[in-house]
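Just so it is clear, the values below take in all heavy atoms, side chains as well, and ignore hydrogens, waters and symmetry mates.
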Amino acid sequence: MSTTPHPATSALPAPAPTPPPRRARLLGLDAARGVALLGMMAVHALLLVDDDGNPTTAFTLAAGRSAALFAVLAGVGIALLTGRRRVGGTDAAPVAAALLTRAAMIGAIGLVLGYADVEYAVVILPFYAVLFVLAVPLVLLPTPLVAAIGLGAATVVPAALTWAADVLPEPMIDNPGAGDLIADPGHWLLELTLVGEFPALPWTAYLCAGLVVGRLRLEHIDVAAALLLVGTTLAVGAHLTSHLLLHRLGGNDRILATTGLSDQDLTQILTFGQDGLLPARTWWWLAVDAPHTSTTADLVATIGSSLIVLAVMLLAGHVTARRVRPLLEVLLVPLAAAGSMTLTLYVAHIWFVNSAYDTYSPTVGYLIQVAAALIVGLAVRSTAGRGPLEALTTAAATRARRALTTKSARP
């Protein structure tokens with residue numbers, strides 16, 4: 001059979017490629033938030049150590065990375081809320097009011113969860129609230145300066161914490177309630193900003209990374225591809241550098257000699273990370289990339305892994321192949337639905353794992369929570385549009401912003 005095209009049809013122009021879905025960016029961002037939510041739930045609900053004392057797959061994939069992804073996406077969200085540009089002029093006060101109101105709402109919700117058992121979960125929301133406060137001056141700055149501050153947060157702040165390790169207080173690693181903040185405000189300020197599980201000052205690196213990324217044209221496929229390349233370079237580069245410094249250039253030996261830790265203690269930290277500030281002063285700690293150590297290597301590696309997740313979700317939103325797109329939507333749409341109401345679902349998850357209703361095995365309990373998050377997310381997105389806590393927080397922030405906008409508009 002001849003394969004020569006018919007003259008009438010060969011003269012026709014080639015069909016234009018199908019454009020990416022109009023909501024590709026929103027779908028990808030929300031799907032990335034959904035990944036962060038399910039990862040945090042996995043860390044809290046699943047076994048993190050196997051029978052031989054080795055980290056499980058859930059721990060290896062999610063520990064540290066999920067919380068970092070939450071923080072990076074917070075920066076992306078703030079960038080979108082501020083129009084993907086530097087805030088200035090008459091917009092500064094209204095935007096600041098909105099961000100501070102969000103911080104107050106998130107912090108208050110976090111304090112309500114102060115009863116939660118830290119053996120099940122250290123609640124991230126009070127630390128998250130501090131990041132929103134720190135975002136107020138950042139949104140007023142040009143993007144290159146935001147990037148420079150993020151670089152400083154990832155390098156100078158961990159170095160300063162290492163230098164001051166002997167004088168800083170031991171981390172409490174507890175979930176604060178309102179009474180705790182009133183009883184010991186100074187210690188809790190240090191916990192939330194410097195020495196705790198998710199310390200806000202070094203974690204400003206995540207916030208700045210998200211702000212820089214959020215000001216990009218995320219709907220463009222080339223931007224998503226560039227994020228994937230940069231994220232992979234950061235994650236792999238940080239890990240390889242850490243391995244070289246610690247295992248090839250004598251870093252482990254110097255840590256042992258300086259801190260007095262045993263080989264077993266150091267191996268435990270390098271494998272499972274550290275809740276809060278690393279013990280004793282040595283610059284070699286900065287090369288450790290274990291979960292929740294908030295060292296330079298850890299911050300760079302987890303910024304990289306966060307960019308990888310975001311890039312993959314964004315790229316998935318651009319796939320238009322007829323056979324592949326429906327399969328992707330089966331995965332992305334429920335993830336995005338859950339990701340659009342992470343505050344509500346995170347609070348529900350914390351309540352559940354601390355309740356008498358969680359009588360299941362770790363795997364069964366986790367799967368039940370995942371199914372519930374996806375189903376509830378789909379139901380809420382198709383009806384109310386957003387979760388109740390998201391609606392409450394947004395309404396309060398919007399009212400604060402409008403109040404300042406009206407005030408500044410008066411003669």
Side-chain angles (χ1 to χ4, degrees), residues 36 39-40 43-44 48 62-72 74-75 103-104 106-135 153-154 156-208 268-269 272-281 285-286 288-299 301-303 306 346-347 350 354:
M40 291 281 278
V43 172
H44 298 158
L48 305 180
R65 295 187 179 93
S66 298
L69 179 56
F70 257 127
V72 171
I106 292 170
I109 294 168
L111 294 179
V112 171
L113 297 176
Y115 70 90
D117 190 336
V118 293
E119 291 190 5
Y120 299 140
V122 177
V123 177
I124 197 174
L125 297 182
F127 302 86
Y128 205 61
V130 178
L131 285 179
F132 271 80
V133 174
L134 295 177
V156 177
V157 174
L161 291 176
T162 299
W163 179 80
D166 295 338
V167 298
L168 288 171
E170 289 289 326
M172 291 181 284
I173 311 300
D174 199 0
N175 291 317
D180 298 312
L181 294 186
I182 295 172
D184 194 0
H187 201 158
W188 274 109
L189 178 62
L190 291 175
E191 183 85 5
L192 294 174
T193 58
L194 294 176
V195 303
E197 181 92 352
F198 316 105
L201 282 185
W203 277 45
T204 301
Y206 297 136
L207 184 64
C208 290
Q268 188 79 1
I269 291 175
F272 294 100
Q274 172 79 10
D275 292 332
L277 190 68
L278 288 165
R281 181 191 301 180
W285 281 130
L286 299 177
V288 173
D289 67 343
H292 296 297
T293 49
S294 296
T295 63
T296 297
D298 175 40
L299 293 169
T302 46
I303 287 173
S306 299
Y346 176 83
V347 170
I350 295 296
N354 282 274

- request: Taking the side chain as every heavy atom from C-beta outward, state whether P202 and L299 have any pair of such atoms under 4.5 Å apart.
  value: yes

- prompt: In chain order, what residues pass the side-chain contact (heavy atoms from CB on, under 4.5 Å) check against V156, with sequence neighbours excluded?
  reply: none

field: Rounded distance (nearest 0.5 Å) linking atom CZ of R65 with atom NE2 of H292
entry: 11.0 Å

task: To the nearest 0.5 angstrom, please state how far the NE2 atom of H187 sits from the CG atom of L181.
output: 12.0 Å

message: Measuring from atom CG of L168 to atom CH2 of W163, what distance do you get when rounded to the nearest 0.5 angstrom?
response: 9.5 Å

- request: List the steps and the verdict of side-chain contact (heavy atoms from CB on, under 4.5 Å) for I269 and W285.
  value: CA-CA 11 Å; I269 291 175; W285 281 130; 4.0 Å; yes

query: Which distance, rounded to the nearest 0.5 Å, do you find between the CE of M172 and the CG of D275?
result: 14.0 Å

- prompt: What pairs with A108 under side-chain contact (heavy atoms from CB on, under 4.5 Å), at least two apart in sequence or on another chain?
  reply: none

query: Does F70 have any ring pair (Phe, Tyr, Trp, His ring centres under 6.0 Å) partners at least two apart in sequence or in another chain, and if so, which?
result: none

- prompt: Does a side-chain heavy-atom distance below 4.5 Å link V347 with L125?
  reply: yes

query: For the residue pair A71 and L131, what are the closest heavy atoms and their distance?
result: CB-CD1, 4.2 Å

message: Once side-chain contact (heavy atoms from CB on, under 4.5 Å) is applied, do any residues pair with V118, and if so which ones, sequence neighbours excluded?
response: V122, D174, N175

- prompt: For the residue pair P176 and P126, what are the closest heavy atoms and their distance?
  reply: CG-CG, 4.3 Å

task: Check step by step if side-chain contact (heavy atoms from CB on, under 4.5 Å) holds for I124 and Y346.
output: CA-CA 10 Å; I124 197 174; Y346 176 83; 3.7 Å; yes

- prompt: Does some side-chain heavy atom of D289 sit less than 4.5 Å from a side-chain heavy atom of T296?
  reply: no

- prompt: For T293, which residues count as a side-chain contact (heavy atoms from CB on, under 4.5 Å) partner, sequence neighbours excluded?
  reply: Q274, L278, V288, A290, T295, D298

- prompt: Do E191 and I173 touch side chain to side chain, with heavy atoms closer than 4.5 Å?
  reply: yes

field: Residue pair D180, L111: steps toward the side-chain contact (heavy atoms from CB on, under 4.5 Å) verdict
entry: CA-CA 9 Å; D180 298 312; L111 294 179; over 6 Å; no

task: Determine the minimum heavy-atom distance between A205 and A153, stating which atoms define it.
output: N-CB, 3.5 Å

Pair listing, side-chain hydrogen bond (donor to acceptor under 3.5 Å, both in side chains) test, anchored in residues 193-208, at least two apart: W203-S294, Y206-T302

- line: Closest non-hydrogen atoms of Y128 and A74, given as atom of the first, atom of the second and distance, are OH-CB, 3.2 Å

field: Separation between OG1 of T162 and CG of L277, rounded to the nearest 0.5 Å
entry: 7.5 Å

Nearest heavy atoms of N354 and Y120, plus distance in Å: OD1-CD1, 3.4 Å

